[in-house]
Amino acid sequence: MAITLDQTIGQKQRSWLASILGGQTFWVLIAVILACIFLSMTTDSFATSKNIYNITRNVTFVAIIALGMTLVIITGGIDLSVGSVLCLCSMVLAVVMHAGYSIEVGIAASVGVALLVGAFNGLLIAYLGFPPFVVTLGMLSIARSLAMVASNNTVVFQFGPDHDKLLALGGGAWLFGIANPVLYMVVLALLTGFVLRWTKFGRYVFAIGGNEHAATLTGVPVQRIKVIVYMISALSAGVAGIIQTGWLGAVTTNIGAGMELQVIAAAVIGGANLAGGVGTAFGALIGAALIEVIRNSLGLLGINAFWQGSFIGGAIVLAVLFDRIRNLRRDE
């Protein structure tokens, strides 16, 4: 029986709606909205402009790194070193500027270190076949150790002649009173989303995560793409480190400690599949937003902050469980 144009359009519309409703990101977004409504009704301080400003600014650091982490997870990998890489890049920026160099030189040095670390991780994983978990776990320790060596394990809070420029870069609000880190996050999310959706590189990333062997047989430069992906992950950590240094106005060697767990949680909660092949830039932002709302709500509701890890860990388990159930239904 012939299918009319109206029926075809109707099927596409239903398919589009079903894909949205069936996506994990959509339901996490609903959870964030409901949590915000609940906290606005039950507390007097959640919906204040100051608290909203703090939430949006705090979420950016995890979200920016989660964008890079999402690419790694889509390829079926993992990067446990991002928290330490953030620390190392922040410290390199601080030490270089403290020595009297300009902010441009400091940022260039910080970005260069991030790309070097990412390339090192990627080469070991892609060309030598090392497990991503092992390589990045080792780099987690190495990067933080190098940060301690670079600063002699001291706090750096003077950034030379461009001190004020750095503080304005990370702590200012240049456009409509929106915190600068939020603007950076939005721009980077749009760029990441565009790359994943509309470029050959993005298609290669998904192909590797979907079936690496098949991707290799079809001519995808798997090894090169993996190296680039890990460089992007380290770069995202470096960028977050630069911004966070300007926001905090000081760098210590414990900055970014444990951040890798929050970043991975943000990506997974936002819909990235640890088995590879699935993930979005928007999902990374939504996952990071949920984590920050949870963190912020604990204090407002008078709940011990030590429960934060339990809530985040539980959210990860639920996200993986729902994804597993969805895959089983699809297989049936």
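These numbers come from the heavy atoms of this one structure, side chains and all, not from hydrogens, waters or symmetry mates. One-based numbering along the sequence shown.
When hydrophobic clusters are built by joining Ile, Leu, Val, Met, Phe, Trp and Tyr residues whose side-chain heavy atoms come closer than 4.5 Å, directly or via intermediates, Y127 is not grouped with L116. V85 is connected to V92 through a chain of hydrophobic side-chain contacts under 4.5 Å among Ile, Leu, Val, Met, Phe, Trp and Tyr, so both are in one cluster. Cluster annotation: V113 is connected to F120 through the hydrophobic network of ILVMFWY side chains, with a link wherever side-chain heavy atoms come within less than 4.5 Å. Both M185 and L175 are assigned to one and the same hydrophobic cluster, defined by single-linkage of ILVMFWY side chains at heavy-atom distances under 4.5 Å. Hydrophobic clustering places L39 together with W307 (ILVMFWY residues linked when any side-chain heavy atoms are closer than 4.5 Å, directly or through intermediates).
A 4.5 Å side-chain heavy-atom check between V117 and N121 finds at least one atom pair inside the cut-off. Taking the side chain as every heavy atom from C-beta outward, H163 and I103 never approach each other to under 4.5 Å. T280 is listed as a side-chain neighbour of T25, based on a closest heavy-atom distance under 4.5 Å. A 4.5 Å side-chain heavy-atom check between T43 and L301 finds at least one atom pair inside the cut-off. By the 4.5 Å heavy-atom criterion applied to side chains, L274 and I78 are counted as neighbours. You'll find the side chain of L285 stays beyond 4.5 Å of the side chain of V59, heavy atoms only. The closest side-chain heavy-atom distance from V278 to I74 is not below 4.5 Å. Residues Y53 and T48 have side chains not in contact (no heavy-atom distance under 4.5 Å, counting atoms from C-beta outward).
With sequence neighbours excluded, the residues forming a salt bridge (charged side-chain N to carboxylate O under 4.0 Å, His left out) with R295 are E292, listed by chain and number.
Within the model, atoms CG of L80 and CD of E260 stand 6.5 Å from one another, a figure rounded to the nearest 0.5 Å. Distance check, rounded to the nearest 0.5 Å: CG of L71 to OG1 of T192 gives 6.5 Å. Annotation: the span from F61 atom CZ to Q244 atom CD amounts to 5.0 Å, rounded to 0.5 Å. We find the CD1-CD1 distance between I64 and I242 to be 10.5 Å, quoted to the nearest 0.5 Å. One distance of note links OG of S102 with CE of M97; it measures 7.5 Å at 0.5 Å rounding. Atom-to-atom distance recorded for M259:CE and Q262:CD is 6.5 Å, nearest 0.5 angstrom.
Pairing each heavy atom of V156 with each of S151, the nearest pair is CG2-CB, 4.4 Å. Annotation for C87 and R144: closest pair SG-NH1, 3.5 Å, computed over non-hydrogen atoms. Pairing each heavy atom of M231 with each of A119, the nearest pair is CG-N, 3.4 Å. Among all heavy-atom pairs drawn from P132 and I125, the shortest one is CA-CD1, 3.7 Å. The two residues A215 and A207 have their closest heavy-atom pair at CB-O, 3.8 Å. Pairing each heavy atom of L196 with each of A281, the nearest pair is CD1-N, 4.3 Å.
The environment of H98 atom NE2 is sparse: at most 12 non-hydrogen atoms of other residues, nucleotides or ligands sit within 6.0 angstrom. Around CH2 of W174, the count of heavy atoms belonging to other residues, nucleotides or ligands within 6.0 Å exceeds 12. Within a 6.0 Å sphere centred on OH of Y101, heavy atoms belonging to other residues, nucleotides or ligands number 12 at most. For F133, the CZ atom is loosely surrounded, since the number of other residues' heavy atoms within 6.0 Å does not exceed 12.
In this structure, the side chain of N211 engages the main chain of A214 through a donor-acceptor pair within 3.5 Å. Between the side chain of S40 and the main chain of A47, no donor-acceptor pair closer than 3.5 Å is present.
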Side chain to side chain contact (heavy atoms under 4.5 Å, CB included) between F46 and S297, intermediate numbers included: CA-CA 8 Å; F46 179 82; S297 65; 5.8 Å; no
Side chain to side chain contact (heavy atoms under 4.5 Å, CB included) between L248 and I255, worked out: CA-CA 10 Å; L248 294 174; I255 186 175; 3.8 Å; yes
Test log, rule side chain to side chain contact (heavy atoms under 4.5 Å, CB included), inputs T70 and F282: CA-CA 10 Å; T70 297; F282 181 65; over 6 Å; no
Side chain to side chain contact (heavy atoms under 4.5 Å, CB included) assessment of S84 paired with L88: CA-CA 6 Å; S84 295; L88 176 59; over 6 Å; no
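Between the side chains of N254 and T252, a donor-acceptor pair is found at a separation under 3.5 Å. For the 3.5 Å distance criterion, the side chains of T136 and D79 fail to qualify, holding no donor opposite an acceptor. At a cut-off of 3.5 Å, with distance as the only test, no side-chain donor of S45 or N51 sits close to an acceptor on the other residue.
Each ring-ring contact (aromatic ring centres under 6.0 Å, His included) pair with one or both residues in residues 216-242, not counting sequence neighbours, would appear here, but there are none. Sorted by first and then second residue, the ring-ring contact (aromatic ring centres under 6.0 Å, His included) pairs involving residues 200-221 (not counting sequence neighbours) form an empty list.
Among I243, I107, N180, the single residue meeting the side-chain contact (heavy atoms from CB on, under 4.5 Å) criterion with L169 is I107.
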